[in-house]
Amino acid sequence: MAKFAQVIVDVPTMQTNRPFDYQIPTLWQAQLKPGMRVVVPFGKGKRRVQGFVIAISDEASFQGQLKPIIQVLDLQPVLNTELLALAKWLATRTFAFQISCMQTMLPSVMKASYVKKVQLVAGAPAAAKALFHGHSQLDVADLGSAELKQVLALQRQHLVTVSYQVHDRAKVKTVKAVQPLCSQAAYVAMAKKIPANAKRQHQLLDFLSQHATAKKPLPLPQITAATGLTLTHMHTGEQKGWLKVVALETYRDPYAKLAQVPRTQPLTLTAEQRTAVAQITAASEQQQAKTFLIEGVTGSGKTEIYLQTIQSAIAAGKTALMLVPEIALTPQMVTRVKGRFGQRVAVLHSGLSQGERYDEWRRIERGEAQVVVGARSAVFAPLTKIGLIVMDEEHETSYKQDDMPRYHARDVALWRARYHHCPVVLGSATPSLESRARAQKGVYQLIRLKKRANQQPLPEVTVVDMKNELKKTKESNFSSLMLQALRQRLVHKEQSVLMLNRRGFSSFVMCRDCGFVLKCPNCDISLTLHMDTHTMKCHYCGHEEPIPQICPNCHSRKIRYYGTGTQKVESELKQLLPQARVLRMDVDTTRRKGAYGKILHQFGQRQADILLGTQMIAKGLDFPEVTLVGVLNADTALGLPDFRASERTFQLLTQVSGRAGRAAKKGEVIIQTYNPEHYAIRLARHHDYEGFYKREMTLRHQGGYPPYYFTILLTASHPEENEAAKKIFQLMNQIKPALSPQAILLGPTPRAIARVNRRYYYQMVIKYKREPKLESVLAQIMQENQARNGIQIAIDREPLSFI
DNA sequence: AGCACGCCGACT
DNA sequence: GTCGGCGTGCTC
């Protein structure tokens with residue numbers, strides 16, 4: 001009999017990043033399985049923590065007194081064999097804790113919440129009682145530092161006892177339901193014995209007799225809606241033995257409104273699309289873990305390829321996973337997939353409440369949904385028998401998580417595909433250089449879609465040199481060509497989209513007399529002006545303070561706001577085109593939940609002529625009436641000290657250009673820039689991805705950057721600057737001997753924003769092609785540098801940004 | 001992480 | 001002399 005369990009405990013440190021053995025109480029020996037959550041005692045006190053069982057055995061390897069498992073939280077494993085193995089791989093691959101990996105794979109409600117309470121011992125002195133303010137127990141988390149000290153003192157005197165509670169926040173939503181208990185004839189007979197004036201009872205018996213044959217309990221809300229009978233009436237019925245009130249499990253349905261999405265039929269494919277579908281379907285049927293890269297301009301019909309290949313996967317009894325960037329997970333997108341697959345689709349994205357997310361997860365886990373659509377973390381969806389994994393907009397940076405575990409959803413997708421022997425389809429109009437290069441080498445199979453499915457020509461792109469324009473129009477954000485085009489749209493009652501590229505700068509406050517810039521007291525960066533809250537905010541730590549009226553440095557009143565924000569452009573636009581109705585979309589106007597969708601809806605309903613926004617308008621919007629797309633400043637990102645700056649700019653311009661002329665009307669794109677000759681802008685103008693790819697690869701080769709090199713970013717941080725610096729140099733000295741002469745070390749350097757949240761950051765980058773010893777040295781570094789004496793170490797494999 | 005153990009300064 | 005500060009090590 002399996003008596004021992006190996007458990008990964010919820011204590012995210014390097015020293016506890018391994019299984020601990022526990023005794024399984026006899027009661028649970030038959031049912032406990034790997035992948036279930038448990039509550040276990042951990043440490044010398046009475047501390048209790050949540051843990052995941054990863055294995056069960058007849059013998060324990062630990063030579064010592066084993067503690068028993070306190071509680072089993074699941075009836076069925078929440079992590080299956082595949083996901084347990086994936087968690088282990090992910091932990092090693094990203095240098096993260098196994099527990100963190102397991103937690104990111106599951107809905108957040110499955111992570112326990114902990115409560116620590118103290119209660120007075122019987123006969124404690126009055127002085128001790130005073131602290132409790134008449135309460136029988138205190139939650140330690142609510143205590144201030146002074147109170148905490150006093151409690152600690154009481155603890156030493158054994159005047160209080162401590163207790164720990166582990167709460168499972170995963171709650172199944174239920175509705176009350178009614179189960180008839182008697183036969184129809186019996187109900188009719190009973191009705192005769194009830195006084196005629198007991199109207200409600202007659203009504204209930206009438207209802208019950210009609211549903212006496214119901215096998216399943218009937219949900220109360222529906223009964224109430226139909227008859228007006230409430231829970232009180234049901235309780236009466238229950239007392240009389242007519243029926244039973246039960247709790248029925250239900251799902252919170254975030255897409256209840258979409259339940260009746262009309263079903264759509266597969267579209268007719270172009271020759272290019274047909275070939276693509278055939279190749280992918282064949283790989284799926286033959287269980288080949290092949291990776292396809294679809295390179296296709298906007299409008300080339302990638303989505304239809306995804307839908308039809310998914311269709312054939314589920315027709316073959318398999319399941320499918322479709323990953324989409326968070327920003328593209330719009331109701332439009334969801335409707336499109338639901339329209340094809342109906343109730344078989346589960347949607348996972350950040351807009352869901354924790355409970356909704358948990359319910360979608362359960363639907364997948366129970367096999368009730370065969371198609372999963374979701375953003376980054378949906379890559380961990382508990383699907384079995386996966387026949388196809390799709391990743392749309394595969395170049396999107398949001399697929400990489402920027403805290404522990406720092407994983408890239410693409411890597412996870414490839415791992416799962418290997419496990420399930422199924423193909424992966426990566427799709428983009430502007431693939432990442434990494435993926436495109438792999439396709440070049442034959443690691444991925446390249447599928448190029450050169451034609452647009454709707455036969456529309458790509459929009460005409462005009463580049464305006466703002467250097468010349470500046471001389472003509474003073475300091476305007478609008479070139480004369482742009483203004484003229486906007487006016488024309490107003491006359492023709494067509495819509496325009498204007499994008500302000502805010503990557504690479506923000507609006508800050510500077511004194512015009514002494515040049516003083518207001519900075520965050522915690523971080524070494526300037527504070528950003530937020531007109532919505534009338535405060536200055538730090539984008540890194542969240543620090544907030546009032547807008548200064550007088551320069552703190554020279555007391556001048558000429559402290560003003562600098563930089564181009566959407567608000568500033570909006571007011572300029574109102575001056576130049578007073579008759580235009582403008583909708584602004586940026587972080588400020590979309591902060592509130594649902595605001596994003598609301599703005600898009602308004603624009604879709606033609607309640608505005610111009611949609612002005614930041615990068616977020618570049619992705620996935622589909623408005624047929626938009627005939628003009630303007631980019632106000634194409635090159636702000638080009639100045640960044642980031643080797644991917646050109647790639648980002650090219651991708652952004654190509655994407656935003658694709659927003660113009662999506663339907664019958666021809667589209668026009670105007671790009672304003674100070675660098676009209678820059679290749680990223682020149683090639684984006686001609687929609688020339690392949691040209692950009694070749695050009696950029698040459699530069700990456702010369703600079704020794706990905707995809708020619710693998711990269712690892714190592715960061716050390718400490719509240720004292722010299723401690724962080726000392727550590728990073730020590731780490732460099734530790735790593736260097738393990739590397740071959742071909743490896744390149746950059747740095748160590750202080751990070752561009754050296755101080756964040758009262759900590760100083762130093763970093764170094766390792767560029768390499770093949771370093772067999774590197775993994776183990778890095779693992780060792782993580783092991784040795786336990787978060788002690790204030791030092792924190794982070795390893796980021798293939799970082800998306802070095803700055 | 002959180003807890004106990006253990007070794008040094010300032011107090012009854 | 002002890003109380004209590006936080007540096008160090010361990011948790012099945």
Side-chain angles (χ1 to χ4, degrees), chain A residues 2-26 28-29 32 34 36-73 91 95-104 111-118 127-128 138-143 145-167 403-405 717-720 723 727 759 782-794:
Chain A
K3 289 192 172 116
F4 304 103
Q6 289 185 303
V7 176
I8 300 286
V9 291
D10 181 13
V11 182
T13 63
M14 262 305 164
Q15 305 114 87
T16 51
N17 189 31
R18 61 186 172 84
F20 287 84
D21 289 348
Y22 284 89
Q23 234 180 78
I24 310 172
T26 340
W28 289 312
Q29 281 179 8
L32 192 70
M36 289 184 180
R37 296 172 304 151
V38 288
V39 176
V40 291
F42 195 68
K44 297 195 176 169
K46 292 174 193 168
R47 189 179 173 198
R48 295 171 169 200
V49 295
Q50 195 188 59
F52 286 88
V53 175
I54 56 158
I56 276 172
S57 56
D58 299 333
E59 274 169 61
S61 55
F62 181 70
Q63 299 301 308
Q65 185 58 48
L66 292 187
K67 293 180 180 176
I69 285 172
I70 293 175
Q71 207 187 335
V72 176
L73 296 174
F95 306 98
F97 312 122
Q98 276 193 66
I99 189 73
S100 315
C101 295
M102 290 167 156
Q103 282 164 351
T104 34
K111 183 174 153 54
S113 68
Y114 299 103
V115 189
K116 182 183 169 186
K117 287 191 165 154
V118 287
L138 291 178
D139 191 330
V140 178
D142 300 338
L143 264 35
S145 62
E147 293 166 305
L148 196 64
K149 254 183 199 166
Q150 297 177 60
V151 169
L152 246 42
L154 292 176
Q155 200 181 341
R156 272 188 294 273
Q157 298 162 54
H158 303 286
L159 291 174
V160 292
T161 52
V162 202
S163 66
Y164 297 79
Q165 287 164 37
V166 180
H167 292 293
D403 46 48
M404 286 247 270
S717 72
H718 194 276
E720 301 287 333
E723 289 297 318
K727 192 64 186 185
R759 294 184 74 84
M782 285 308 264
Q783 198 62 246
E784 289 168 359
N785 290 281
Q786 19 191 293
R788 266 297 130 110
N789 37 49
I791 284 277
Q792 277 174 23
I793 307 248

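Computed from heavy atoms alone, side chains included, the values below leave out hydrogens, waters and symmetry copies. Chain A is the first sequence line, chain B the second, and so forth, proteins listed ahead of strands; every chain is numbered from 1.
As a whole-Å value, the separation of Tyr22(A) OH from dT11(C) P is 11 Å. Straight-line distance from the CG atom of Leu148(A) to the P atom of dG5(C): 11 Å, rounded to whole Å. Across the protein-nucleic acid pair, Lys117(A) atom NZ and dG2(B) atom C1' stand 19 Å apart, rounded to whole Å. In this structure, Met404(A) places its CE atom 10 Å from P of dA1(B), rounding to the nearest Å. Rounded to an integer number of Å, the gap from Phe62(A) CZ to dC10(C) C1' is 10 Å. Taking atom CZ of residue Phe20(A) and atom P of nucleotide dC12(C), one finds them 7 Å apart after rounding to whole Å. In this structure, the CD atom of Gln15(A) is 14 Å from the P atom of dC12(C), given to the nearest Å. Taking atom CZ on Phe42(A) and atom C1' on dT11(C), their separation rounds to 4 Å, with Å as the unit.
Between Ile791(A) and Arg759(A), the closest heavy-atom pair is C-NH2, 4.1 Å.
Among the atoms of the strands shown, only primed sugar atoms or phosphate atoms (P, OP1, OP2) are found under 4.0 Å from some heavy atom of Pro41(A). Backbone-only contact: Gln65(A) has heavy atoms under 4.0 Å from sugar-phosphate atoms and none from a base. Using a 4.0 Å heavy-atom distance criterion, Arg48(A) is classed as making no nucleic acid contact.
Of the candidate nucleotides dT11(C), dA1(B), dC3(B), dT11(C) has the atom lying nearest to any side-chain atom of Lys67(A). The side chain of Val11(A) sits closest to dA1(B) out of dC12(C), dA1(B), dG2(B). Side-chain atoms of Arg47(A) lie closest to dG2(B) of the nucleotides dG2(B), dT11(C), dG5(C). Distances from the side chain of Thr16(A) to the nucleotides dC12(C), dT11(C), dC3(B) place dT11(C) closest.
Scanning for side-chain contact (heavy atoms from CB on, under 4.5 Å) contacts around Ala55(A) gives Gln6(A), with sequence neighbours left out.
Pro34(A) has its side chain out of reach of Ile54(A): every pair of non-hydrogen atoms, C-beta onward, lies at least 4.5 Å apart. In this structure, Ile99(A) and Cys101(A) have side chains that are not in contact, with every pair of non-hydrogen atoms separated by 4.5 Å or more.
Applying the side chain to side chain donor-acceptor pair (under 3.5 Å) test to residues at least two apart or on different chains, the pairs with a partner in residues 61-71 of chain A are Asp21(A)-Ser61(A).
At the phosphate of dC3(B), OP1 or OP2 sits under 4.0 Å from a side-chain N or O atom of Lys116(A).
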